[in-house]
Amino acid sequence: MAAECARADVREERRVWHAQRQPRMRQQPYRLVFLDETYVNTKMTRLRGRSRKGQRLRASAPFGHWKTHTFLKVFS
């Protein structure tokens, strides 16, 4: 068990969560919002791809300008 679980302020927050917040969430589930966060890094761009037989694949990929893009998806 984590040491902070024994602290008085943490115990009080847990009591409030069980006594007040959880029952309210069960009564009004339509108010809940869930966030899903993910990312993509341009260093992970594929170097090869596929195309139909007889057709050349034309695409571009960044080179030398590595960046990370973060995406958030909201479910309500």
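Being a predicted model, the structure only gives us computed values, none of them experimental.
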Legend entry - Beyond-backbone contact of C5 with R14, side-chain heavy atoms, under 4.5 angstrom: yes
Inset, instruction - Evaluate the side-chain proximity of W17 to Q22: yes if any heavy-atom separation is below 4.5 Å, no if none is. - result: yes
Legend entry - Nearest atoms (heavy-atom pairs only) where F71 meets Y39: CD1-CA, 4.5 Å
Legend entry - K67 versus T42, closest heavy-atom pair with distance: N-OG1, 2.8 Å
Inset, instruction - For Q28 and R31, test the side chains for any donor-to-acceptor distance below 3.5 angstrom and give the result as yes or no. - result: yes
Legend entry - Heavy-atom check, side chain of D36 versus side chain of L72, under 4.5 Å: no
Inset, instruction - Using atom types as modelled and distance alone, determine if a side-chain donor or acceptor of T68 lies under 3.5 Å from a backbone N or O of N41. - result: no
Legend entry - Side chain proximity check, R50 to L57, heavy atoms < 4.5 angstrom: no
Legend entry - Joint cluster assignment, F75 & L35, ILVMFWY side-chain distance < 4.5 Å: no
Legend entry - Check: R7 and E13 side chains under 4.5 Å, non-hydrogen atoms: no
Legend entry - Pair R15 + E12: basic N to acidic O under 4.0 Å: yes
Inset, instruction - Measure the CZ-CG distance between R24 and L32 for me, rounded to the nearest 0.5 Å. - result: 11.5 Å
